[in-house]
Amino acid sequence: MATTFGSPSGDSRRGVASPRPKGREAKNTFCRNVTIYGHCRYENSKSEAPRLPIIVLSQGENAKKRFNVDSPSFTPLTTAPNGAVTPSARNAAISPKAANAAVFTPKSQRSTTSTPSLHNKEPAIQWHAPEFQEFVPETFGGPMVDSNASASYPGYDPYTASANLASIAGPGHQTSAINPYAQGHSGLEASYYQNPNAFQTSPAYHLYWPVGPQPTGLLAYQRTAHDFFIPDAVREDLQKKAEIARQVLPNTTLPLIEQFHSLFCLDTTPQKNNVPFGYASWIYKAISGKDGKTYALRRLENFRLTSETAIRSAQPWKRILNGSVVTIHEAFTTRAFGDSSLILVTDYHPNSKSLADEHFKPLQRFNGRQPTSSHVPEQVLWGYITQIASALKAIHGSGLAARLISPSKILLTAKNRIRLNACAIMDIVQFENARPVSEAQADDFLQLGRLILCIANNSSTAHLQMQKSMDYVTRSYTARLKECIQWLLNPQPSATTPASPTTSGAMQKDIDTFLAGIADQLASVFDSQLHAQDTLTNTLGRELESSRIVRLLVKLNMVNERPELDASQSIAGTNTTNPSSAWAETGERYYLKLFRDYVFHQVDANGHPVTDLAHVLECLNKLDAGTDEKVALISRDEQNVLIVSYREVKRGLESAFQDLVRAGRGAGK
Ligand SMILES: Nc1ncnc2c1ncn2[C@@H]1O[C@H](COP(=O)(O)OP(=O)(O)OP(=O)(O)O)[C@@H](O)[C@H]1O
């Protein structure tokens, strides 16, 4: 390890002055450029180059070549009584504790140590920006984006419709379907979000929110800020879900129901509607006090339980764990609402909406633009068919029937991702006069056929005008889809109607026959799901990088400028008389502080802050990897420059952090 003390750095970003040794001394002075760039950019130049003395605290390969134990070394200036560099000092052996020496204490803290005379004697010159082309991808050159800019674009919003609802019927009943992403609410949100308007535009969720068009024509190695994070659509979707899942209403009058608290009504309309269950139904988000998870509670108002066994018919549904069925957890009755209500506890899927909301609501204009086409692509329809077929396979296979496959009782939980949402309810409410299962299963196909027909026609009543609706399907979709719908709509197979969705002939009409008939579509949907999964796995991998950086930042920030350590909690391995102020400022912690400045507090030649995300990520990644690459760290007063490798910064960080951990353990005893 060799140590040379020098004065101001030539970091082009800081644009600070550097001393210029002359004559023989200049030749013997090791040039900082060689360390940083591998060569001196002025070595072939006849004009005098700024040869910058340096501090090297490196044990890397290059350091070994240039400096070894026999090399003349440089004693830290503070060890010299008068602050001057003497030949004997230069030849002194290098102490392995050199890194801990108080060499780099910032000038402001050295009341008695003066700046070396070398600095005073030598005229300072301006360090000019390098003339060669640096590897800086174009998009990183300038400021990334205006983080205060708001982004508005059309997005799905299941809660907008309920924004103006204040309360609905029922004791202590409030609808509170507040969507933080919807505009123009009645003010309910004010109690939840301190500044609801800021919520729309706040950059808090993403510092580098994209505004304007993305740059095009980038070279293969070039990246934008967005390449470092999960795609905006995924991020926004997850954040919305998290926000909506956490919504609570202060001062809610909704009761506690068994272990469920913090009830929050999800209904989008206050109208009592006895269809389709025969009872007015409400749906709440609630948190279970048992496991802390969020559930959806469906309540049937004024439900009279005639038989204990009726409610037990929900039991077999608990075993249906299918991706296209909203999982059922339990069913019970309660008087907590002041009536006798049936409660069905199911999985909660935040920010979801029904297929009726998706396809049968009048299209909204966004920003005065025309609504997009109402035509539902055939692939979407096949997606629905295959998902419900998969659900029916699980349901029929367990000797049950879905009994209710209607647009308002199918949840759209993500793009083209649906789940049956009213299972088990009909089994309970129609327990007394239930149809035979085989009949109900056959009816499931009929209901699925109607559903697809209605969605294809964009009308909730399309099945009432069968001929007209089928004509539209004939005109707008493939014969294959039409054949599938026909198969589903035909109640019984006959010689004249196709018995499988894609082939003619009389065959038994069951779920296996149906699945066999749509096998090619199943394969196609399965393949697109695999692609989607690959994409998500890649995204997850990218986030893994972010979480790695976060852990590094946590360590760095725990060490940097830590003020509160007092003498009683002295840090192991530090011999400071006043640890409270000195620990974070001395030894290797000092260059960690300078490193923090180098990474985050860069300024350009004009002293303007540099907010270059690429620089930050590059530095942190190199720190995490502990590369041998060296970095020039400059004290805030620009009087000291310290050249260390990332490896050393990493080692310093690790050891400082371990000091903290040890001190923390000691305090806990
Ligand atoms: N399990 C659930 N998880 C999350 N949200 C749900 C869940 N079930 C329903 N919702 C939300 O509650 C809303 C109302 O659901 P519900 O089943 O009562 O349908 P609806 O549109 O009110 O139909 P109806 O006209 O029959 O009352 C849905 O649009 C959906 O946004």
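Atoms within each ligand, like the ligands themselves, are counted from 1 in listed order. FYI, the numbering just counts along the sequence from 1.
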Is ligand 1 less than 4.0 angstrom away from at least one heavy atom of Q271? no

Is the F264-Y348 ring centre distance short of 6.0 angstrom? no

For ligand 1, does D347 get within less than 4.0 Å through its side chain, its backbone, both, or neither, judged by non-hydrogen atoms? backbone

Run the contact test for N351 against ligand 1 with a 4.0 Å cut-off on heavy atoms, strictly below, and give the result. no

Single hit among R235, E243, K241 for side-chain hydrogen bond (donor to acceptor under 3.5 Å, both in side chains) with Q239: R235

List every atom of ligand 1 that sits less than 4.0 Å from any heavy atom of D357, numbering the atoms from 1 in the order shown and giving each element. 29 (O)

Evaluate the ring planes of H396 and F445, with Trp represented by its six-membered ring, and classify them as parallel (under 30°), tilted (30 to 60°) or perpendicular (over 60°). perpendicular

One residue to check: L266. Relative to ligand 1, which of side chain, backbone, both or neither has a non-hydrogen atom less than 4.0 Å away? both

Taking atom 4 (C) of ligand 1 as the point of reference, which of H349, K272, K409, E358 owns the nearest heavy atom? H349

Going by the order shown, which atoms of ligand 1 are within less than 4.0 Å of some heavy atom of D267? 18 (O), 22 (O)

Between Y477 and Y472, what is the ring plane arrangement, given parallel below 30°, perpendicular above 60°, and tilted in between? perpendicular

Going by the side-chain hydrogen bond (donor to acceptor under 3.5 Å, both in side chains) test, which pairs reach into residues 534-547, not counting sequence neighbours? E545-R548

Is it true that S459 and N457 share a donor-acceptor pair across their side chains at a distance under 3.5 Å? no

Between Q447 and R403, does any side-chain donor sit less than 3.5 Å from a side-chain acceptor? no

Test salt bridge (charged side-chain N to carboxylate O under 4.0 Å, His left out) applied to K353 and E358, step by step: CA-CA 7 Å; K353 60 177 172 178; E358 171 75 359; 2.7 Å; yes

Where's the contact between S408 and ligand 1, heavy-atom distance under 4.0 Å: side chain, backbone, both or neither? both

So which bit of T346 gets within less than 4.0 Å of ligand 1, heavy atoms only: side chain, backbone, both or neither? side chain

For the residue pair H359 / N458, report whether a side-chain donor-acceptor contact shorter than 3.5 Å exists. no

Residue Y348 vicinity, atoms of ligand 1 by number, heavy atom under 4.0 Å: 3 (N), 4 (C)

Provide the number and element of each atom of ligand 1 under 4.0 Å from a heavy atom of S354. 29 (O)

Please compare A356, S406, S352 and report which has the shortest non-hydrogen distance to atom 5 (N) of ligand 1. S352

Residue portion contacting ligand 1 (non-hydrogen atoms closer than 4.0 Å) for R298: side chain

